[in-house]
There are 2 protein chains.
Amino acid sequence: MMISPRPVDLTGAAHERVYRALRTQIMHGELPPGESLTLRGIGKQFEVSMTPAREAVRRLVAEGALTLSSSGRVSTPELSNDRIEELAALRALLEPELATRALPRAHLALIDRLEAINHGVSQMVARQDATGYIRMNLEFHRTLYLRAQAPAILAMAETVWLQLGPTMAALYARLNRTEPPHNHKLILAALKAGDDPGLRLAVRTDAIQGLRMLRN
Amino acid sequence: MMISPRPVDLTGAAHERVYRALRTQIMHGELPPGESLTLRGIGKQFEVSMTPAREAVRRLVAEGALTLSSSGRVSTPELSNDRIEELAALRALLEPELATRALPRAHLALIDRLEAINHGVSQMVARQDATGYIRMNLEFHRTLYLRAQAPAILAMAETVWLQLGPTMAALYARLNRTEPPHNHKLILAALKAGDDPGLRLAVRTDAIQGLRMLRN
DNA sequence: AGGGCCAATTCGTGATCACATTCGCGCCAT
DNA sequence: ATGGCGCGAATGTGATCACGAATTGGCCCT
């Protein structure tokens, strides 16, 4: 090829761009569990060589977003029930902590924004849009947790979401739910009331209910 | 070069070997905070080209074991006080959970092994060997947590240890402690007694005490 | 008709190279 | 003596190639 008309984007290294795009796809559940990817395929999709694709994939494997077969092939993970339970337990551990830390900093403007996002969540539920639902749901949680000023803990929580992404989409698509997000309303009520125990419980319940859908 | 007399190790890809070696060095605190690494330097050290070195580094950056400057340079992280507090909070969240899960599976042989490891910890304290102390301390915790049968949670805990590695070594080296690990004895006592609340408290205290040494 | 075997294709791995950027160090001017 | 400037060395990035292993699909044998 050797065209290279693209000198550099300072923050936009090619591998970074590929990484972000794949990460978003995986976290939003746009890839089904067990989907297999190839370095050359990724490279062609993003118009780069294998090298940046390899680095992006390596990063995602390190985060648990992709699985590496013994021969080096990569695919989205197919989670066992035990692993799903573990990841749900991690959400139940991390997210109440983030909520508690965010609570004293949650002023009215934040709650308004959360309610707007929550409205979007309801729309996605009504529209039966699994990927849209996941995206809005994550935005709801992330918007709240960003106020916790705890980037290391938030990064851990996002890693868990990432690992759950493909499986969550498959689960949500399988059982077409019509319920609006009840727990989100509880979260908002507890935020308004400044009720920390209630907030922790609501967040914990919301995080764990994804696990209930596993019982089949 | 083009020698390549080394066909393949099935599990021993070069980048894997480099990754494991660097990871161990970082987790054991053999690299001081702020140490800068170069891809060519790593490659020369392990007798590989830049490619496997790059992949290993990319993985470690994704795990938070190394930091990436804006120009792509990598170095061991220099943690802020806030970040150390966050990581200590993560240990305080994750490790009691792992201990609780390990408790019903902790039979006598395991406790014996933990006591042997703990003896090794005391030796390292007496010897003022910071790296050796960290290594033994981690082995103590990992040996216990392996019984929890919770690989995802354990992986998260190890990621936290990894991020704390260089800083821990610097802290331990700075204040030469002579105390034997009191909290480890409490952990062992709670294990023997089957005392879950006591075990959780002892583990939590042990995890957090690394934070106390930050107050300077 | 079904299953196992072989070959062609596909794929990951690692090496090497070109290139732009960045870092570091010494020199010169003030 | 000191501070800024510039040039050379060093570094990360991405492309490409060679190679061996693994996968896949078709063909033949039973």
Side-chain angles (χ1 to χ4, degrees), chain A residues 1-23 26 31 34-78, chain B residues 1-23 26 31 34-78:
Chain A
M1 284 283 186
M2 223 40 185
I3 14 178
S4 109
R6 193 170 312 167
V8 217
D9 270 338
L10 272 178
T11 66
H15 63 89
E16 185 84 15
R17 179 169 55 92
V18 174
Y19 166 75
R20 288 195 191 284
L22 286 178
R23 182 182 207 266
I26 294 168
L31 299 177
E35 180 94 344
S36 65
L37 305 175
T38 66
L39 297 183
R40 289 175 175 87
I42 294 170
K44 186 174 299 185
Q45 180 181 348
F46 293 97
E47 294 179 345
V48 294
S49 80
M50 293 173 54
T51 310
R54 216 195 308 196
E55 301 189 36
V57 161
R58 202 63 73 187
R59 254 175 101 175
L60 291 164
V61 168
E63 293 178 290
L66 293 174
T67 331
L68 204 61
S69 88
S70 61
S71 66
R73 253 87 165 175
V74 291
S75 53
T76 53
E78 305 188 81
Chain B
M1 287 283 186
M2 222 42 181
I3 14 177
S4 107
R6 194 170 311 167
V8 216
D9 271 339
L10 273 178
T11 66
H15 63 88
E16 185 82 16
R17 180 170 54 91
V18 174
Y19 166 75
R20 287 195 192 283
L22 287 177
R23 183 181 205 267
I26 294 169
L31 299 177
E35 180 95 343
S36 65
L37 305 176
T38 66
L39 298 184
R40 288 176 176 85
I42 294 170
K44 186 174 300 185
Q45 179 180 349
F46 293 96
E47 293 179 346
V48 295
S49 79
M50 294 172 53
T51 310
R54 217 195 307 195
E55 300 189 36
V57 162
R58 202 62 74 184
R59 257 174 99 174
L60 291 164
V61 168
E63 293 178 289
L66 293 173
T67 35
L68 205 62
S69 89
S70 60
S71 66
R73 254 86 165 177
V74 290
S75 53
T76 53
E78 304 188 82

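Residue numbering restarts at 1 for every chain, and letters A, B, ... go by the order of the sequence lines.
Atom CE of M50(A) and atom CD of E55(A) lie 11.5 Å apart (nearest 0.5 Å). Atoms CZ and CZ, from R58(A) and R58(B) in turn, are 12.0 Å apart once rounded to the nearest 0.5 Å. A distance of 10.5 Å separates OG in S49(A) from CZ in R40(A), rounded to the nearest 0.5 Å.
Closest-nucleotide positions on DNA chain D for S49(A) and T38(B) were compared, and the one nearer the 5' end corresponds to T38(B).
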Please tabulate, for the side chains in residues 59-69 of chain B, all donor-acceptor contacts under 3.5 angstrom to protein atoms that are two or more places apart in sequence or on a different chain.
residue	atom	partner	partner atom	Å
R59(B)	NH1	E16(B)	OE1	3.0
E63(B)	OE1	Y19(B)	OH	2.7
E63(B)	OE2	Y19(B)	OH	3.1
T67(B)	OG1	S75(B)	O	3.0
S69(B)	OG	S71(B)	N	3.2
S69(B)	OG	S71(B)	OG	3.2
S69(B)	OG	R73(B)	N	3.2

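At a threshold of 4.0 angstrom between heavy atoms, the contacts of L37(A) are confined to the sugar-phosphate backbone, with no base atom among them. Among the heavy atoms of the strands lying under 4.0 Å from T51(A) is at least one base atom, whether or not backbone atoms are also near.
Closest to the side chain of R73(A), out of dC11(C), dA15(D), dT13(C), is dC11(C). Counting only heavy atoms from C-beta on, S71(B) has its side chain closest to dT22(C) among dG14(C), dA15(C), dT22(C). Closest approach to the R40(A) side chain among dT23(D), dG12(C), dA15(D) is made by dG12(C) (side chain taken as heavy atoms from C-beta onward).
In this structure, H15(B) places its NE2 atom 8 Å from C1' of dG12(C), rounding to the nearest Å. The distance from atom CZ of R54(A) to atom P of dG14(C) is 8 Å, rounded to the nearest whole Å.
Using a 4.0 Å cutoff on non-hydrogen atoms, no part of residues 56-63 of chain B comes near DNA chain C.
Applying the side-chain contact (heavy atoms from CB on, under 4.5 Å) rule to E78(A) yields the partners P33(A); only residues at least two apart in sequence or on another chain are considered.
Contact between G41(A) and T38(A) at its shortest, heavy atoms only, is N-OG1, 2.9 Å.
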